[in-house]
Amino acid sequence: MRIGELSRRTGVHTHQLRYYEAQGLLEADRGANGYREYEENAVLRVKQIRHLLGAGLSSEDIEYLLPCALGEAPELLGCPELLAAMRSRLQRLDDQMAALAQSRDALATYIDGAERTGRESYPPCDEADLGPAPAQGAPVLSLAQASP
DNA sequence: TTTCTTACA
DNA sequence: TGTAAGGA
């Protein structure tokens, strides 16, 4: 099938499908016209990719573990080494969450204190000095970081 | 019409 | 990720 049909059957935009291919997650043959031709199993493959992305895994991680993926969910069986890598990343995620919670509390305390005094600084501080907010939607986990 | 690549926010 | 240009 071509990319349009795969898009319809998976609910994933063609742009994203090309992106998955560029990331090495999805294979496609090329017809004489240069159009991508997908195998029937690409439908399942795309659904697996969506699920794993939803779990916060990076493209790199997914490329690594897709061969272990079974079914749509997908189940990741028969990969003890993969399981170990994911456990270590889960641990790091917990650590990060703890650190974030600490930062959050400290910040909330500052805000609370500032609001309590009701006074303003002189000269007034520039909001722009705080810099841009961190990008949203960035992968939380990365296998690359897991193996030094 | 559909898909392609490339580029940009 | 989303959107767009310009061709085949």
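In this text the structure is predicted, and so the values were computed from the model without any measurement. Each chain gets a letter, A, B and so on, in the order its sequence line appears, and its residues count up from 1.
The distance between atom CE of A:M1 and atom C1' of B:dT3, rounded to the nearest whole Å, is 16 Å. Whole-Å rounding puts the A:R2 CZ to B:dT2 P distance at 9 Å. The interatomic distance linking A:Y19 (OH) with B:dT5 (P) rounds to 16 Å, in whole Å. To the nearest angstrom, C1' of B:dT3 lies 10 Å from OH of A:Y38. Distance A:L17 CG to B:dT5 P: 13 Å, rounded to the nearest Å. Between the CZ atom of A:R30 and the P atom of B:dT5 there is a distance of 4 Å, given to the nearest Å. As rounded to whole Å, 11 Å separates atom P of B:dT5 from atom OH of A:Y35. For the pair A:E21 CD and B:dT5 P, the interatomic distance rounds to 8 Å; values are reported in whole Å.
Backbone-only contact: A:R36 has heavy atoms under 4.0 Å from sugar-phosphate atoms and none from a base.
Side-chain proximity of A:Y20 to the nucleotides C:dG2, C:dT1, B:dT3 is greatest for C:dT1.
An OP1 or OP2 oxygen of C:dG2 is reached within less than 4.0 angstrom by no side-chain nitrogen or oxygen of A:R18.
Comparing A:H15 and A:I3 by the nucleotide of DNA chain B that holds the closest heavy atom to each, the one mapping nearer the 5' end is A:I3.
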- prompt: Passes side chain to side chain contact (heavy atoms under 4.5 Å, CB included), A:R36 versus A:R30? Steps please.
  reply: CA-CA 5 Å; A:R36 291 171 178 79; A:R30 295 292 180 138; 3.1 Å; yes
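When side chains are defined from C-beta on, A:Y19 does not count as touching A:H13, because their heavy atoms never get closer than 4.5 Å.
Taking CD of A:Q48 as the reference point, atom SG of A:C68 lies at 11.0 Å (rounded to 0.5 Å).
Across all their heavy atoms, A:D29 and A:E39 have their closest contact at OD2-OE2, 3.5 Å.
Across every strand in view, B:dT1 sits unpaired, with no contact that passes the Watson-Crick or G-U test at under 3.5 angstrom.
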